[in-house]
Amino acid sequence: MNKTILDLWVGLFVVAGIVALLFLALKVGSMSTVNATDSYEVVARFENIGGLKPRAPVKSAGVVVGRVADIRFDNKDYQAAVTLRLDKRYAFPKDTSAAIMTSGLLGEQYVALEPGGDGTMLKDHDRITITQDAVVLENLIGQFLYGKAQEGAPK
Amino acid sequence: MLRQAIENLGHRTIQGVWRIGFAARFFLATLLHSGTAFRRFGLTVREIYFTGVLSLIIIVVSGLFVGMVLGLQGYETLQRYGSESALGTLVALSLVRELGPVLAGLLFASRAGSAITAEIGLMKATEQLSAMEMMAVDPIARVVAPRFWAGVISMPLLAALFSALGIFGGYLVGVQLIGVDEGTFWSQMQSSVDFDQDILNGVIKSVVFAVAVTTIALFEGYDAPPTAEGVSGATTRTVVTSSLVVLALDFVLTAFMFRGLN
């Protein structure tokens, strides 16, 4: 085969491959994951995190403002220590509360931040003190059944 | 009878170990002679044409159809749970993490790998490799290294094309044919596919598969008995061994890469 035609085909192939990679990077994957450089970390402790996983979104007013960076079990107070990596563009007051929510009935779990009214803002490695645990469906059903049984018991 | 069987087993084991040793030496020699593949890049470009460009058609068509089937099957299953909005995530994650690199690797082994083995086996059978040695041309530098690097360059590009076309196929069936909301399809996909964790790991997988498949194909060709039967046997062995190696490596790599995620 003529060398120039061969080069042309190989060139087209390489360009198509690179376009496919760019398509995967820009259209399919999220390049907007919060980077370590322009983010700060805060820790929130929960009694029960339910099915929360690392990389789950952290939302405030429904907007993704960060991701769950790390989940550890604190051996001193037997709680789950959840490290949240928040985007530097968003500042939250010191008395912000964190709650573990579920998107939809069967959706993924995320951390919702509810800003408070404090004048000072959260800094790197600060701790969110007001937290609300994940709602565990089994516990809820258990309480409901227990309540029903109590109602039916002879007085 | 029993003695014969034990002798055979011993002979085959020694042969197997010998081949592994020879393959390792062959792989090292290929890496050491890689300079030629880049100094005389024309040789490598020619091989990229034979391994990459000529494999395009099978990769493009398979990628599109695999994506379309994923869209159809995924929708069937997801709509039972009322979560057809997750179709984009399902199609993209299965393709980018697993099916793209693995199926492209298997197709690459059967299309390009077998061709490489047959070509080099035939070169050996017609004593072209010995002739090169006679002229003080190292066949590993002149024949093997350019093919090796051509495979390593082509395969990740083919895998990326496979994944991209698969996602397009899933989009065609899911959004255009069935009627899943287009915005949801893309936004769900973007929110759950991570560049580092999913796409980059898929590319790393395809590079590892490329090294494995190309090395096996080149080695089988180089080691083939110089007869018609020998070359045909080597070609079959290339497809069988490299397919099994791709699947086994996929398991090992997945265990390494995605262990920390859940």
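Keep in mind that the numbers below use all heavy atoms, side chains included, and drop hydrogens, waters and symmetry copies. Residue numbers begin at 1 in each chain, while the letters A, B, ... track the order of the sequences.
Of the two parts of Ser83(B), neither the backbone nor the side chain holds a non-hydrogen atom closer than 4.5 Å to a non-hydrogen atom of chain A. For Val45(B), the parts lying near chain A are the backbone and the side chain together; criterion is any non-hydrogen pair under 4.5 Å. Residue Val19(A): no heavy atom, backbone or side chain, is found under 4.5 Å from chain B. For a residue to count as touching a neighbouring chain, one of its non-hydrogen atoms must lie under 4.5 Å from one of that chain's; by this rule Ile167(B) touches chain A with the side chain only.
Heavy-atom pairs under 4.5 Å with chain B were tallied for Ala16(A), Pro57(A), Gly11(A); the largest tally goes to Ala16(A). Most heavy-atom pairs under 4.5 Å with chain A, from the set Ser154(B), Ser163(B), Gly202(B), Ala86(B): that is Ser154(B). When Leu200(B), Val53(B), Val203(B) are compared by the number of non-hydrogen pairs under 4.5 Å with chain A, Val53(B) comes out ahead. Here Gly52(B) is the residue among Gly52(B), Pro156(B), Gly42(B) with the most heavy-atom pairs under 4.5 Å with chain A.
Counting heavy atoms of neighbouring residues, nucleotides and ligands inside a 6.0 Å radius, atom CZ of Phe38(B) exceeds 12 of them.
Across Leu99(B) and Phe162(B), no two heavy atoms sit closer than the pair O-CE2, 3.9 Å.
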> Where do Thr214(B) and Trp149(B) land on the side-chain contact (heavy atoms from CB on, under 4.5 Å) test, with the steps shown first?
Replying inline: CA-CA 9 Å; Thr214(B) 321; Trp149(B) 284 104; over 6 Å; no

> Hey, mind stepping through Gln132(A) and Ser97(A) against side-chain hydrogen bond (donor to acceptor under 3.5 Å, both in side chains) and telling me if it holds?
Replying inline: CA-CA 8 Å; Gln132(A) 187 192 321; Ser97(A) 66; over 6 Å; no

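Look at Arg97(B) and Asp198(B) and you find a salt bridge, because one of the NZ, NE, NH1 or NH2 atoms lies within 4.0 Å of a carboxylate O, short of that distance.
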